[in-house]
Amino acid sequence: MSENGNLFLRNLAGFWKTFRQNKLGLAGGFLVLVAVLVAVFAPALTDYDPSDIIRDANNRALTFAPPEVHGILGTDDAGHDVWSQLVFGSRISLVVGFMAGFIAMFVGSALGIAAGYFGGAIDSLIMRITDVLLVIPDLPLMLVLVATIRQMELKISPLAVLIVVIGLLYWTSTARLIRSQTLTIKERQFVARARAIGAGHWHIIRKHILPQLMPLIVANTVLILSTAILIESGLAFLGLGDPTKPSWGTMLNFAFDRSAISNGAWWFYLPPGIAILWVSLGCILLGNVLEEMLNPRLAAHHLEGEAGMIAIADVESKG
Amino acid sequence: MNQTPMLEVRGLYKYFPVHQALADSLMRRPHSNVKAVDDVSFSLARGEVLAVVGESGCGKTTIARTLIGLEALTKGEIVFDGKLVNAHSQQPHIGLKQLRKRAQMIFQDPYESLNPRATIFEIVAEPLVVHGMIKDRKERVAAVKSALDDAGLRPAEDYFMRYPHELSGGQRQRVVIASAMVLQPELLIADEPVSMLDVSIRAEILNLLRDLRQKRGISIVFITHDLSTVAYFADRIAVMYLGRMVEIGPAREVLQNPQHPYTKALISVAPVPNPRLRRERVILQGETPNPINLPSGCRFHPRCPVAVDMCKENDPQLIELKQGHQAACLLVTKS
Amino acid sequence: MNNGKPLLSVRGLTTEFTTPEGKIARALEDVSFDVMPGQTIGLVGESGSGKTTTLMSLMRLLPAGGRITAGKVMFNDTNLLALSEREMRDYRWKSMAIVFQGAMNALNPVMKVGDQIHEAIMLHNLMDEDAAEKRVKDLLEMVGIARTRRDQYPHQYSGGMRQRAMIAMALACAPDLLFADEPTTALDVMIQAQVLQLLREIQKSLGLAIVLVTHDLGVVAEVCDSVVVMYGGKVAEYGTADHIYNEAQHPYTQKLLEAFPDVSKPGDTLASIPGTPPRLTNLPPGCRFEPRCHLKIEKCSQVNPPLLEVSPKHYVSCILREGAEADL
């Protein structure tokens, strides 16, 4: 299958060529890439563990030490190094955000395709569920769910609970989008042709519907990631994070709880906020640009090759 | 030679329900239907080309889609090679999947009928994949190559890894034809295969279809609105108006000796590429009525230039005028 | 052919496009023809031949990236290419109006058809509201639409009626010249015949000149007095309808006619032209038709053929034909 491999490389090279010219997309990609690299190489970026307590010469904990006194970003109320919290916190924020985003994407795409392709009762059922989920305010619902699940004292890590709850509640917009797109694609002639050849549903979905949806799914996933990271930060800020594994949201929660603001400890509450903004902005820029670019029909110029079609033909003809 | 007709259509009806307003369905008003195909029967011999001609809304595309099972028929029977197309029948029957292995469809719009994200190889090989035929990779490549060759895309290998948007309209239609021919079908249903192509390309595609037919002896149902194309291509012509066949017969006979007033009008307005031959034209006024509320009696009478009173009451049936030439008009009698 | 003064005289029109990749596409090269008052001239060609670009150049409505690099377009005694954009706006619709391809999309779906025609009249301050209102209804009647349908929306019209409404809109300011870009392409044969008949009737009653752009040789044969056959952005052949249909000299015109199926001659074989029209970004150095031509000689791939006058008012761009270089 080396031909296919080459083709993929060719496509990738072409993709990079266009992508490179888009400044916003490059900026978004840079922001996301930096965040991911920080998360991956976290231990190499700091000398301290987030749980280490920094002490001064008299072995007293160094609390609310400004950056001039200690490290890159000073210490918090308990004497933990803020920079290392931020660096290791990126792991938690990104993992929760990415995993929740992927779950949302999978569930949303699968349900969206099923609803759009099969229509009828399946469509009605899925769409009514999304309607219900859309009218219930997300954040309170998640708060209640996360809190309730925690109470049940199941042996699940609090982070897993967060991931699943965000993932399973955040697929509705994806599902609607994918459904409407599927409806359009389903009516296109090449799908009718595939049916006329004798292809079954699974074949049509896999070979004809999914490839058209892929750009949309990819772009949408990147956008969903930003939402998922924001939601995670929100929930963690409200105290639903895992206190033993602080994410950026948890950091904000601590900062707020422990009067970092009244102490003027800006190095404690500003960095996690900026980090959250950094990643979600990156995802949004990247997602928008990808959506624009991955649409093949926007690429060609009308003077290249055949100049459009000559007859518009009777589009209305039902026969 | 096998004497069983390739295809027989008996009393075919296809109604599309009209979406009712909520108020209407609450009032339990009767559901209305678009009568796209309203009692059509015909047969197609092996190796024959039947052209189904008519304006938009006459039901010709619906017939094509119903033949290949893209639309479920409302009433009637489709018999393919002596077997009823219906997997649940008691009589000898053939399922849709089997039918779609032996009958293929070519669509009107070559820009729309190819998956933009599939390579030409994938597109042409797809029928083989779907029907699980020729699993050996080498043989499959050979089959795709010969299909592309036959469709006039040479050298075939150059096209394998290209995408539809890299090809011109004519080339795309050739890909569609290659993909339809790769299973070596016995019946081809071509729905306006050239109406969206440039004139010079059009002739090439028509010549290609004609060659394939001569070489392989496949039967073709050729759907078109263009009588001039038909003149060149078909053995027999069926003219449709508002869901009915109004005239059917050998191509030459229908074109040179049309009997139904609608056929006469259609032929008279077909453009002739010579200004010295500007003829007397019968231009029908108004437009085809809406197929929800059909006119009473003969459905053509409101636009018919020669209609008389009885046309408003009696719905004419096809009557045989000459060997194989039938028309549905009250004013036409056997010669 | 009319020997009077032409209403519109196009000389050496050359139009280029810059593609987003920065390539130059020569969409039109040295296009010349005359439109006589009250005459119908057909611009025929396949997709990419430059026929629509010619229209857009004449109206000076080229899309972004396009510009006219040479030529003259004389309307009566004014060179349209020398006018400012403001002055040109005055000519559009008042002197020359256009019926666009695809009547489905050219009408605003949420505006009443009558209002759209009314708008076209009022934009040019030709008359007061009441007079304009009367004119809207007169125009509708002229194109065969009942006055009562003035207040309907485009979706309540059939395809043929929408095309009629487009024609009514083009006639709103009583132009001298009507451009029609594929006016019948998306329509059924019977509706097509109706629209062509309508064009002929309004031409007769209003004395309009019509430039009909189409790919359909049959349509041209039905209505045109003279014909310009275009290929690859150049004029391949230009002459009266009779010249083109019965004494065609250019190999492309000849093949095109043979490729056109004729209902009056069933069973005829169709000639086909192998290959595809040239890409405008990558034109052959010599004759544009050379790669597909059945008569080509070696010289054809080197020399860009000039337009020759093979008989009075019959011009052909082919080095195999004999004639004086055209004085156009």
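Every value quoted in this text rests on a predicted model; they were computed, and no experiment measured them. All chains are named by letter (A, B, ...) in the order of the sequence lines, taking the proteins before the strands, and each is independently numbered beginning at 1.
- For the set C:Ser272, C:Pro274, C:Gly218, the count of heavy-atom pairs under 4.5 angstrom toward chain B peaks at C:Ser272.
- If you take OG on B:Ser228 and CG on C:Asp216, they are separated by 8.0 Å, rounding to the nearest 0.5 Å.
- Proximity to chain B is limited to the side chain of C:Asn246, based on heavy atoms less than 4.5 angstrom apart.
- Between C:Glu222 and B:Arg281, the closest side-chain pair of non-hydrogen atoms falls below 4.5 Å.
- Taking each heavy atom of C:Met190 and B:Val282 in turn, the nearest pair found is SD-O, 4.1 Å.
- The two residues C:Phe260 and B:Pro273 make their nearest non-hydrogen contact at CD2-CG, 3.5 Å.
- The two residues C:Ala221 and B:Asn274 have their closest heavy-atom pair at CB-N, 3.6 Å.
- Residue contact with chain C, scored on non-hydrogen atoms closer than 4.5 Å, is absent for B:Ala234.
- The two atoms that bring B:Ala203 and C:Ala271 nearest to each other are CB-O, 3.1 Å, heavy atoms only.
- Put simply, of B:Val272, B:Thr229, B:Leu227, the one with the most heavy-atom pairs under 4.5 Å next to chain C is B:Val272.
- B:Gln323 CD: 12 or fewer foreign heavy atoms inside a 6.0 Å radius.
- For C:Gln192, the part lying under 4.5 angstrom from a heavy atom of chain B is the side chain only.
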side-chain contact (heavy atoms from CB on, under 4.5 Å) for C:Ile273 and B:Glu204? Distances and angles first, verdict last. CA-CA 7 Å; C:Ile273 311 178; B:Glu204 288 211 300; over 6 Å; no
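- C:Ile191 CD1 to B:Leu284 CG: the interatomic distance, rounded to the nearest 0.5 Å, is 9.0 Å.
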